[in-house]
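One structure is given below, encoded as C-alpha cells.
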Amino acid sequence: MPWVIKYRPKKVDDVVNQEEAKSTVLTWIHSWLEGKRPTKKALLLYGPPGVGKTSLVESIASEYDLELLELNASDYRRTQDIRKTVAVASQKKPLFKKMIIILMDEVDGLSPRSDAGGIEELMKIIPNSINPIILTANDPWKDSLRPLREYVTMVQFKQLTTNQIIAVLQNICNKEKIQCDREALKFIAEKSLGDVRGAINDLEAVAEGYGRVTFNIVSLVVKPREKNIDLWRTLNSVFYAREFWQARKAVNTSEEDYETLMAWINDNIPAKYEDPEDVFRAWDSLARASIFLKRAKSGNWFLLPYIFDLIGPGVSFARKNGQVLRNRFSYPAKIKEMAQLKSVRENREGVARTIAKRIHASKRIVKSEVLPYLFLMMKYGDINRVSKLSSYYSFTEDQLRYLAGSRVKEIISSINREASNVKETKSAESSKHAAKKKRRSRSK
Ligand SMILES: Nc1ncnc2c1ncn2[C@@H]1O[C@H](COP(=O)(O)OP(=O)(O)O)[C@@H](O)[C@H]1O
Ligand SMILES: [Mg+2]
C-alpha cells in the first residue's frame with residue numbers, strides 16, 4: 001500500500017498544523033450533531049495541494065463515526081450529474097450512522113465554460129441540504145467559484161513549513177523502521193514546496209529504491225516537483241527503468257491522461273520487448289490497470305496509486321528474459337484511428353451543413369439523399385463542373401479530400417485556373433473600359 005494511503009491521518013489529531021481550520025470545522029460539525037443546523041450548510045476548505053484538506057474530513061468522519069459520502073470530480077462535471085448525485089445526497093438520511101457528511105473534493109473543476117448550470121445548481125442545493133456539505137478547492141478565488149462563495153463558510157488551510165513536513169516524514173521513518181538522515185528529510189521537505197503528499201511519495205520512492213534515506217542519495221534523486229510534459233521521457237522511463245520508483249514516478253508525474261498513456265504503452269510493448277513471455281506479462285499488467293481504472297472512475301479513486309504501479313513498474317518489470325529493443329516509439333493505432341474518425345465526422349458534418357443551408361433542406365436529408373450522389377460526381381464527374389461546384393460551395397481542402405479522395409489535387413488546380421481566368425478577363429475588361437473612357441474624354 002502506498003505510504004500516502006497507509007499514513008493517512010486516522011484521527012483529527014493526526015492532521016498536523018491546521019489548528020485554526022480544525023477548530024472552525026469541528027465547531028461547525030458539532031452544531032450539526034447537536035441538531036442545530038448552521039445557517040451556512042456548506043464549508044469550502046481551500047489551500048494548496050497536500051496540506052490535509054481531504055484528510056481532515058476523512059479523519060472527522062472516522063473519529064465521530066459518521067457516514068462519509070465522497071463525491072468526485074466526475075460526479076459533478078455536468079449539471080445533470082449534480083442533480084443526480086449531489087442533490088440526492090443532500091436529502092439522504094443516514095442508514096446506520098448518526099449523520100452523513102458530503103465531501104465534494106476538488107470543486108475547482110466545476111467549469112463554467114463547459115457547463116454554466118453546475119454552480120447555480122449547487123447554489124440551489126446547499127441551502128436546503130439536510131446534511132453537512134464540505135467542498136475543497138485549491139484556488140477558491142477563481143471567477144467560476146465566485147457566486148458560490150456566498151453560500152459557504154470559507155476555511156483556509158495553510159501550507160506546511162519545512163519543519164512540520166520533516167516531522168511528518170520522521171514519524172513515517174520511525175514506523176517503517178528505516179534509517180533516515182535529518183539532512184535528507186530536510187532536502188525532501190524543501191523540494192516538496194509545502195506539499196506533504198509529494199514529500200511522502202518522494203520519501204517512499206527513495207526508501208524503496210535504496211533501503212535507506214541519506215542526503216547523498218536524496219540530493220541525487222529527488223528533483224523539484226514538476227509535471228513531466230514530455231511523453232517520450234515518460235515512455236523511456238517506463239521501458240528503460242532500472243528501479244521500481246523510476247517507473248512509478250514517470251507515470252505519476254506524466255501530464256498525459258491515463259488512457260492516452262496506456263494506449264502508448266500498449267502499442268509499444270510488442271515493439272520494445274522481444275521475449276513473448278515478457279510481452280504477455282506487460283500486457284497482463286496493463287489489462288489489470290484498465291480494469292482498476294474503470295473502478296476508480298466509478299468513485300474509487302483510492303485505487304489510482306495501484307493503477308500507476310500497474311502502468312509503470314508493472315510494465316517495466318514484466319521484462320525478465322529479453323532486452324529492450326532499440327525501436328523507436330510508434331504512434332498508437334487507436335489514437336490515430338480516433339483522430340481520423342473524428343476528422344471524417346467533422347468533414348461530413350461540415351459539407352452537409354453548407355449544402356443544407358443553400359438548398360434549404362435538413363442536414364439529415366442532405367446526408368442521406370445528396371451526399372451519395374455528390375461523392376460520385378466529385379470522383380467521376382467532368383472536372384470543370386466539379387470545380388465550379390466546389391467553388392460555389394467553398395469547400396475546404398479537407399472537405400474536398402473527404403469528398404473526392406485522390407482527385408483533390410486535380411480539382412484544386414482546376415479551381416485555381418478558373419480563378420485566374422476570371423481575374424484575367426476581369427482585368428482585360430476593365431482596361432478596355434478605361435481605354436474607352438479615355439477616348440471619350442479626349443473627344444470631348
Ligand atoms: N496537515 C497534515 N498532517 C498530516 N499529514 C498530512 C497533512 N497534510 C497532508 N498530509 C499527508 O498527505 C497526504 C495527502 O493529504 P490530503 O489531505 O489528501 O491533501 P489535500 O486534500 O489538502 O490535497 C495524506 O495522506 C497525508 O498523509
Ligand atoms: Mg484532497
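One-based numbering, in listed order, for ligands and for the atoms of each. Since the structure is predicted, the reported quantities are computational estimates derived from the model, not experimental observations. Numbers here are sequence positions counted from 1.
Not one N or O of Pro9 is nearer than 3.5 Å to an N or O of ligand 1, by distance alone. For the pair Pro49 and ligand 1, the shortest N or O to N or O distance does not fall below 3.5 Å. The shortest N or O to N or O distance between Val196 and ligand 1 is not below 3.5 Å.
Centroid-to-centroid, the aromatic rings of Phe157 and Tyr46 stay 6.0 Å apart or farther. Note: Phe375 and Tyr402 meet the aromatic proximity criterion, with ring centroids under 6.0 Å apart.
Of the residues listed (Tyr273, Phe317, Trp264), the one engaging Phe239 in a ring-ring contact (aromatic ring centres under 6.0 Å, His included) is Tyr273, and it is the only one. Residue Phe308 forms a ring-ring contact (aromatic ring centres under 6.0 Å, His included) with just one option from Phe292, Tyr258, Trp245, and that option is Tyr258.
Residues that satisfy the ring-ring contact (aromatic ring centres under 6.0 Å, His included) test with Tyr240, not counting sequence neighbours, are absent from this structure.
Taking 2.8 Å as the limit, the number of protein N, O or S atoms around the Mg ion (ligand 2) is 1.
Applying the salt bridge (Lys or Arg N to Asp or Glu O under 4.0 Å) test to pairs two or more places apart or on separate chains, those with a residue in residues 14-33 are Glu19-Lys22, Glu20-Lys158. Evaluation of the salt bridge (Lys or Arg N to Asp or Glu O under 4.0 Å) test over residues 179-189, restricted to residues two or more places apart or in two chains, returns Lys186-Glu190.
Ion pairing between a basic and an acidic side chain is recognised when a charged N comes within 4.0 Å of a carboxylate O; Asp275 and Arg319 show no such pairing.
Counting heavy atoms under 4.0 Å from ligand 1, residue Ile200 touches it through the side chain alone.
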